[in-house]
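In this text, all values refer to a predicted model and were calculated from it rather than measured experimentally.
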Protein chains: 2
Amino acid sequence: MKISDGVEWSIHCCTVLALLPEGVALPAARLAEFHGVPAAYLAKHLQALARAGIVESTQGPKGGYRLARPAAEVSLFEIVVAVEGGEPAFRCTEIRQRGPAGMDPKHYKIPCGIARAMWRAEDAWRASLQEQTLADILGGLARDVDPRQAVKAATWMQEVLT
Amino acid sequence: MKISDGVEWSIHCCTVLALLPEGVALPAARLAEFHGVPAAYLAKHLQALARAGIVESTQGPKGGYRLARPAAEVSLFEIVVAVEGGEPAFRCTEIRQRGPAGMDPKHYKIPCGIARAMWRAEDAWRASLQEQTLADILGGLARDVDPRQAVKAATWMQEVLT
DNA sequence: GTCCCTATACTCGGATAGCAAGTGTCCGAGTATAGGCGG
DNA sequence: CCGCCTATACTCGGACACTTGCTATCCGAGTATAGGGAC
């Protein structure tokens, strides 16, 4: 079980986009440069975020990506689903129906108890992600980030936006 | 993000082993036959369960696998960890240290807030799995399984154990 | 000086290769059993 | 008849190919901009 790197990158990108002045967009290439990741691959995930309505894209010069909604209205869960897809991590293959003790599929009305148990755990995971928003991440940044790094980041952004 | 099929198979196998009479073992080949899955591949996962101390193995004729502890003392979490490994699903690659705004690693004492958020969700997942034991699964079986299937399964087991 | 037009260059978007982890399989090492032999 | 020994066959255990999905990349479509020209 492994969560795609794209999830980590996407959340970081959304955090940066949330810090952007109103009405300004940042190209994928700049986001990639800022995080030191391959631009072409990051673009793939930003597209997924755009399809999910989390970010908006503008083409042409001075174009790029920007957050589609206030940071407080974007949960981490939405980002994860946008990048990884909404399918549950545990997939019941109904092996209870196979083998010598199996019966006709119509007799299995209730999902397998094992699947229910695994899904219950996944629901707890989803609930936790759903109640954490980008705004919470930003609050944590303000608390934990070294002021010198904040200055470096702000300077870089100034330079890029000119 | 996908949980290995081996987890599903392993939990089903543990459930069957829990229904076994005291002091009797079931070979991997029989477990595979019962669930209609490839025997050689299932064996791989049973070995992982044995290494983790969840099941015990006996060699030679009349040998096989049996549960190492009472069903109430085996949580689903243990099984998942035994099969999938204990590494977190979300792996922080510290991209905050890279790029033009990155600083020397020694300045990053606290884990990235994004990683902390993701890990918090995983903790909720783990907690849910930890409080669900094989005994709970067995209880669900008694409630939900079609009596005719129970008979088929019991008959098969009788036949195999002779 | 102002407006319009056009060419430009910059952006996103989807289609295309490469690689790692999970999936599936095999054969060798070890051991409890069962039968045969001797006492 | 009982106990011991040996050969057997059945078990687990780790080492070896294959396939799916994530990783990484490229080039084409679309568009806001900026400059130049006409009025």
Side-chain donor or acceptor of A:Ser128 paired with backbone N/O of A:Ala124 under 3.5 Å:
no

Below 4.5 Å, heavy atoms only, C-beta onward: do B:Leu31 and B:His12 meet side chain to side chain?
no

Has the side chain of A:Tyr41 got a donor or acceptor atom that lies under 3.5 Å from a matching backbone atom of A:Gly6?
no

Measure from the side-chain N and O atoms of A:Tyr65 to the backbone N and O of A:Cys13, and report whether any donor-acceptor pair falls under 3.5 Å.
no

Using the heavy-atom set of chain A and a strict 4.0 Å cut-off, write down the first and last nucleotide of DNA chain D that makes it in, 5' to 3'.
D:dT23 to D:dT33

Tell me what B:Pro38 touches on the nucleic acid: a base, only sugar-phosphate, or nothing, going by heavy atoms under 4.0 Å.
sugar-phosphate

Check whether any side-chain N or O of B:Gln149 sits under 3.5 Å from a backbone N or O of A:Ala101 as a donor-acceptor pair, and report yes or no.
yes

Main chain of B:Met1, side chain of A:Glu84: is a donor-acceptor contact present, judged purely on distance under 3.5 Å?
yes

With the criterion being N/O to N/O and under 3.5 Å, what pairs connect the protein with nucleotides 34-37 of chain C, and how long is each?
none

Can you tell me if A:Glu8 uses its side chain to pair, donor with acceptor, with the backbone of B:Cys92 under 3.5 Å?
no

Which residues pass the side-chain hydrogen bond (donor to acceptor under 3.5 Å, both in side chains) test with A:Glu122, sequence neighbours left out?
A:Arg126

Side-chain contact, heavy-atom cut-off 4.5 Å: A:Leu134 with A:Ile79?
yes

Return a table of donor-acceptor pairs under 3.5 angstrom between the side chains of residues 66-76 of chain A and protein atoms on other chains or two or more places apart.
residue, atom, partner, partner atom, Å
A:Arg66, NH1, A:Thr58, OG1, 2.6
A:Arg66, NH2, A:Glu56, OE1, 3.4
A:Arg69, NH1, A:Glu73, O, 3.1
A:Arg69, NH1, A:Glu78, OE1, 3.2
A:Arg69, NH2, A:Gly53, O, 3.4
A:Arg69, NH2, A:Glu78, OE1, 3.0
A:Ser75, OG, A:Glu78, N, 3.3

Ignoring hydrogens and angles, tell me if any N or O in the side chain of B:Lys2 forms a donor-acceptor pair with the backbone of A:Phe90 under 3.5 Å.
no

Using a cut-off of strictly less than 4.0 Å between a heavy atom of the residue and any atom of DNA chain C, enumerate the qualifying residues of residues 1-29 of chain B by number.
B:Lys2, B:Ser4, B:Asp5, B:Trp9

Residues of residues 40-58 of chain B with a heavy atom under 4.0 Å from any atom of DNA chain C, listed by number, are B:Ala40, B:Tyr41, B:Lys44

Do A:Asp144 and B:Arg116 sit within salt-bridge range, that is, some charged N less than 4.0 Å from a carboxylate O?
yes

